[in-house]
There are 2 protein chains.
Amino acid sequence: MRITVDEESLARCALLKEISPAERQTILATGQERRVMPGEYFFHQGEASDWLYILLAGQVKLAQVTEAGNQVVIGYLGPGGGLGIVVALSNIPYPLSAEAMEPCLAVGWEREEMKALMRRYPQLALNSLGMVGERFAELQERFRDLATRRVEQRVARALLRLVRQFGKRVPQGVLIDIPLSRQSLAEMTGTNIYQVSRMVSRWEKEGVLQSDHQRITILKAHELVILGEDL
Amino acid sequence: MRITVDEESLARCALLKEISPAERQTILATGQERRVMPGEYFFHQGEASDWLYILLAGQVKLAQVTEAGNQVVIGYLGPGGGLGIVVALSNIPYPLSAEAMEPCLAVGWEREEMKALMRRYPQLALNSLGMVGERFAELQERFRDLATRRVEQRVARALLRLVRQFGKRVPQGVLIDIPLSRQSLAEMTGTNIYQVSRMVSRWEKEGVLQSDHQRITILKAHELVILGEDL
DNA sequence: CGTAAAATTGACGCTAATCAAGGTCCGTGG
DNA sequence: CCACGGACCTTGATTAGCGTCAATTTTACG
């Protein structure tokens, strides 16, 4: 397989760092290219976790669905992010679904193949552990938020996390550069669209942020920081 | 270092599985024995994650503390469990504290040493990834619980998880064989001791379980399963 | 221009957090 | 042996926070 992506973006990818370009090529050659269109899925929760991917382009939403049909958004991934890395090495099914939000390009490896690669290039395994560790720490932080903070604080903090991950500087402030519905915000923070709508409206009135067509721009991040703390 | 623990229990340890006894000895020889008494800590949240451990004997509680001083219990570990495995490979501080609940014996490795071992024995890294993956999936399940279920359901499900992990068959049912205060149950489920107390009392009246001196015995697990689902 | 999806807003009622008061169990020391 | 203090637990009353429903408005898009 030939991935037509510049070296630079591959070097930035956490999975392939500290691996020589030659080895990188060998590793990529073993993988398969996969393109996924918006609304389609890389995989669904509950399926056997036979493949893992590195996202090269596009945005992906990671979400769980409960028996009652409620979605819970675990997070978003951008280029360089890993899909299924967490579980591909344990024999458990995917614990969540990965949905493309934009046209996506990824490299995928079959589980056993990746195991073989990792045995051959241990740095690959170390990098995976690093990636998983960071994701784990973040999930733990969000778990704590859910266990101890009120809805307003959780929404404020969710926005700040999104700023960190997808923030683009614009004249007025920082734009969260993904399509972000009230629904998604609610699913990230364990509440419903009504509460989220109320808060966003109020913050907009107060000049803290600006909401327009599924795009939110943060004008006064420091205000959100304060709101996110326990008073 | 010589660990005076039988081969059998080492073979059961997820980190060392599929590793030859000879290699296992080399790996263990590189580690350092550490004993920790009840109430003492392997490490505290926020410290540099320079060490990782495999627990050989004893029980450990993993918990976060919020700025407001509230604890959030992430989980418990028994023999064979890994401490700090999740983050020891990423350069982030420990995201939680690990407190011994019984006299504990563990083997510890310094981060760079473990990296070297993993490069030499890639199976070690694969095993770590497997362990982390399982823990990740469980945390995600609990995250979803917190986001979508009511307190009663969460407490019921927490008890069922504890049964799976620490259940010992006794004549009347299944004993959860760790000291389990109302406080800890509350900290596991994102609520407070009052709610937990009410529920446990009610379930005791209904004959679902039996509570006595920080020990809980489940008499009718199927009832708890039903309570844990959405009606 | 019309339809559907997304967002808003107010009203209502339930869930769960909080507060207060008292109880039980246990080890320690008089 | 019994009294005392502390940790842990229980229970009721109160209230704040939040989820839910209904009605309406706004926005996207064919």
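Both backbone and side-chain heavy atoms feed into the values below; hydrogens, waters and symmetry mates do not. So that the names make sense, note that chain A is the first sequence line, chain B the second, and so on, each numbered from 1.
B:Gln45 and B:Gln64 get closest at one heavy-atom pair: OE1-CA, 3.3 Å.
Salt bridge A:Glu141/A:Arg149: absent, no basic N to carboxylate O contact under 4.0 Å. Comment: A:Glu138 does not engage A:Arg164 in a salt bridge, judged by the lack of any side-chain N to carboxylate O separation of less than 4.0 angstrom.
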Could you run down the sub-3.5 Å N/O contacts of the protein with nucleotides 18-25 of chain C?
unit_1	atom_1	unit_2	atom_2	d
C:dT18	O4	B:Arg198	NH2	2.9

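At a threshold of 4.5 Å between non-hydrogen side-chain atoms, the residues A:Phe43 and A:Trp51 do not count as touching.
Among the atoms of the strands shown, none is found under 4.0 Å from any heavy atom of B:Ser211.
In this model, the phosphate group of C:dT9 is approached by a side-chain N or O of A:Ser201 to a distance below 4.0 Å at OP1 or OP2. Within the 4.0 Å cut-off from OP1 or OP2 of C:dT8, at least one side-chain nitrogen or oxygen of A:Arg182 is found. Proximity of A:Ser197 to the phosphate of C:dT9: no side-chain N or O atom is located under 4.0 Å from OP1 or OP2.
Rounded to a whole Å, the CD atom of B:Glu152 is 17 Å from the C1' atom of D:dG19.
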Note to self: Evaluate B:Gln153 against B:Leu227 for side-chain contact (heavy atoms from CB on, under 4.5 Å), listing each step before the verdict.
What the structure shows: CA-CA 6 Å; B:Gln153 301 175 318; B:Leu227 283 165; over 6 Å; no
Checklist line | Candidate pair B:Leu185 and B:Leu159, rule side-chain contact (heavy atoms from CB on, under 4.5 Å), full reasoning | finding: CA-CA 8 Å; B:Leu185 261 174; B:Leu159 286 174; 4.1 Å; yes
